Amino acid sequence: PRREEVSSSLCPLRDLRTLQQCDTKLGELTFSLTHTVLVDVAAFNKGKMLLAQEGRDMWHSNFVKMPCSPSSFMVKSGMMKSPSQVKRWEVICKQLKALASKTEVDVERVQEAILKYNPKYKTEWSFDALSSFVQSIPKPENYSCSLFPKIAALALDLPKHVKKGIPLLRSGQTAAVTLSQLQIACLLANAFFCTFPHRNTSKPNSEYHGYPSINFTSLFGKWSQRSKEKLRAVMHYFKVVTETKPKGLVTFQRQCLKDVDRPDWKSCAASMPKLHVTSGGSIEAEGTGLLQVDFAACQIGGGVLGSGLLQEEILFLMNPELIVARLFTEKLADNESLIITGSQKFSCYSGFRDSFEWAGPHYDTLKRDNWARLERQIVAIDALHFKHRSEQYNMSKINRELNKAFCGFKGQGHETPDIATGKWGCGAFNGDPELKALIQLMAAGKARRGLAFFTFRDETLKRNLEQIYTLLVKREITVGQLYELLENYCAILRAQPGDHVDLFKFIENTLGPSRSLL
Ligand code: AR6
């Protein structure tokens with residue numbers, strides 16, 4: 001009986017509000033100074049037609065420098081002639097057309113093509129992983145060599161599909177970009193063939209220093225079990241989008257929490273939000289329809305094009321359209337988040353890290369909103385990375401995490417879905433799951449949104465979180481009061497560094513155990 005009473009303040013998953021249940025009052029598709037739409041808005045509103053919005057090339061520091069820009073040049077040295085400047089896109093076209101005209105090409109040809117317009121990297125770039133991948137897949141299910149020409153053809157269509165400049169989502173700005181899934185596929189096909197100019201180095205003084213990498217070269221180099229499974233997911237995506245043109249739109253919105261909007265946490269009178277806790281399931285499956293938290297790196301997508309294979313990288317591999325965010329999203333600052341609406345899930349997986357495996361296709365059955373976006377919303381928030389666990393029990397760090405989570409959770413004026421999250425910042429980033437759970441509860445409380453918390457098989461955390469939440473609710477603790485409890489907790493840890501008490505224990509000791517409530 002006690003157990004039942006303890007869980008009584010928790011809510012079942014079905015009581016949380018999904019995107020499908022929200023009246024978002026979208027209206028017609030519109031663009032604005034801070035929302036760039038890369039499809040023709042009039043044609044879309046008339047008949048849901050997805051045509052590229054006319055525009056001009058923007059070889060400019062506020063825009064993505066495009067591979068097909070007439071301003072993109074490279075030096076070509078001929079055997080007999082002295083070096084001369086040529087339009088880079090002409091070289092790219094020549095190479096990709098040669099690939100696209102074949103029914104099958106091998107990895108050596110792909111490599112040769114890529115290096116023709118990236119000659120500087122001839123000795124640096126390896127294609128070991130890509131060729132081992134192709135060799136490792138048994139013949140009947142090995143479609144790679146016939147897929148390369150199709151990816152090349154898709155990449156070549158860039159000037160046809162993307163005519164308007166793609167603005168960079170820069171730090172300090174709240175701004176959004178909406179593109180069609182076909183435009184994304186075409187951009188990713190270009191990333192696959194490493195055509196994006198000025199994006200191959202991240203040296204401190206380089207132009208795109210504050211941006212994640214986008215050309216796929218780092219995925220092709222070092223062979224490992226991880227790279228094999230990653231390439232399976234990526235190739236599957238290209239197989240699907242080259243067979244059937246995807247039909248919707250996706251919006252990427254950078255949200256910046258201005259100083260004036262920063263909550264005064266200590267005086268916040270909001271109560272605890274609705275909470276569902278489960279040790280089974282995952283954010284991306286059972287959390288479908290909720291705002292799904294991406295346990296992000298400040299460089300969006302983290303190590304997805306390298307060797308990383310944690311929650312964020314797996315999410316990006318299952319929904320590869322998310323990878324395009326790397327093209328235009330500057331590193332997230334402490335007060336920023338990125339919200340992605342409408343991305344499609346193409347694959348399923350099993351395992352995590354080294355046990356990760358691509359587990360086959362996923363067929364999305366989600367409905368689309370008025371803007372033809374699949375009803376899936378993901379928010380990228382990057383937690384702090386603590387080298388030493390003790391660093392996190394510090395109010396300036398806690399404030400940073402509260403504001404970061406709030407920046408991801410705060411709505412945009414209309415009805416919003418509740419949130420699916422879990423041990424944000426508690427794996428690679430070494431956070432304390434108890435502290436991070438409370439921080440997320442507080443941010444959700446302030447944003448007036450419920451939480452579904454997936455502990456990812458952590459039974460102890462599930463039990464303890466249920467218990468502490470019940471205590472907080474029964475004692476009618478507000479977000480501000482919980483903030484004060486955290487202040488006291490940090491003060492005690494500072495005063496008695498050797499004497500670590502768990503956070504939940506400390507709260508129970510302070511408020512009196514939930515048992516006394518029953
Ligand atoms: N659903 C719910 N919980 C999950 C899931 C899932 N699908 N996957 C993992 N977990 P981690 P971080 C749990 O380490 O500490 C990436 O490289 C699981 O218990 O991915 O914020 C990013 O790019 C796991 O231990 O998040 C960043 O660089 C815990 O969530 C960095 O990792 C934390 O997952 C972020 O690290």
Side-chain angles (χ1 to χ4, degrees), residues 13 202 211-213 218-219 226-227 230 233 276-320 322-323 325-326 329 331-332 334 337-338 340 343 345 347-359 362 376 378-389 391-392 397 400-401 404-405 408 419-437 439-440 443 451-462 464-465:
L13 191 58
S202 57
Y211 289 79
S213 64
S218 46
L219 200 57
R226 287 187 179 200
S227 58
K230 284 184 166 200
H276 170 80
V277 188
T278 171
S279 55
S282 67
I283 296 171
E284 69 279 1
E286 286 71 12
T288 301
L290 303 174
L291 173 70
Q292 297 171 303
V293 178
D294 162 15
F295 302 161
C298 58
Q299 302 264 24
I300 193 84
V304 63
L305 299 181
S307 59
L309 250 179
L310 301 174
Q311 191 253 13
E312 172 165 55
E313 288 90 357
I314 294 174
L315 181 66
F316 277 53
L317 290 166
M318 301 301 102
N319 303 25
L322 299 173
I323 297 173
R326 296 170 67 86
T329 311
K331 185 174 166 180
L332 297 177
D334 286 342
S337 62
L338 185 77
I340 304 114
S343 71
K345 181 170 164 187
S347 296
C348 306
Y349 75 99
S350 66
F352 194 65
R353 238 184 229 154
D354 283 333
S355 64
F356 167 83
E357 274 180 31
W358 179 78
H362 173 84
R376 174 177 291 110
I378 291 166
V379 62
I381 45 174
D382 54 304
L384 287 172
H385 185 176
F386 299 111
K387 295 241 155 51
H388 302 286
R389 279 183 83 105
E391 291 168 43
Q392 63 196 298
K397 300 283 190 320
R400 189 275 185 196
E401 300 298 67
K404 172 65 77 168
I419 300 158
T421 190
K423 295 166 79 174
W424 172 54
C426 299
F429 283 0
N430 214 11
D432 170 351
E434 296 191 352
L435 177 56
K436 275 290 195 297
I439 286 174
Q440 294 186 85
L451 270 192
F453 198 101
F454 294 88
T455 70
F456 213 59
R457 299 187 280 282
D458 186 339
E459 298 294 344
T460 317
L461 180 65
K462 173 188 186 294
N464 294 347
L465 181 57

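Predicted model only: the values in this text are computed from it and were never measured. Counting convention: from 1, in listed order, for ligands and their atoms alike.
Protein residues having a heavy atom under 4.0 Å from any atom of ligand 1 are Ser282, Ile283, Glu284, Phe295, Ala296, Ala297, Gly302, Leu310, Gln311, Glu312, Glu313, Tyr349, Phe352, Lys423, Gly425, Cys426, Gly427, Ala428, Phe429, Phe456, listed by chain and number.
Proximity of the aromatic rings of Phe429 and Phe295 is defined here by a centroid distance below 6.0 angstrom, and this criterion is not met.
Between the side chain of Arg326 and the backbone N or O of Pro212 there is no donor-acceptor pair closer than 3.5 Å.
Exactly one of Leu451, Ile419, Leu315 qualifies for a side-chain contact (heavy atoms from CB on, under 4.5 Å) with Val293. That residue is Ile419.
When only modelled atom types and interatomic distance are considered, Thr288 and Arg376 share no side-chain donor-acceptor pair under 3.5 Å.
The pair Lys436-Glu401 meets the salt-bridge criterion, with a side-chain N (NZ, NE, NH1 or NH2) lying under 4.0 Å from an Asp/Glu carboxylate O.
The salt bridge (Lys or Arg N to Asp or Glu O under 4.0 Å) analysis of residues 380-389, with sequence neighbours excluded, yields the pairs Asp382-Arg400, Asp382-Lys404.
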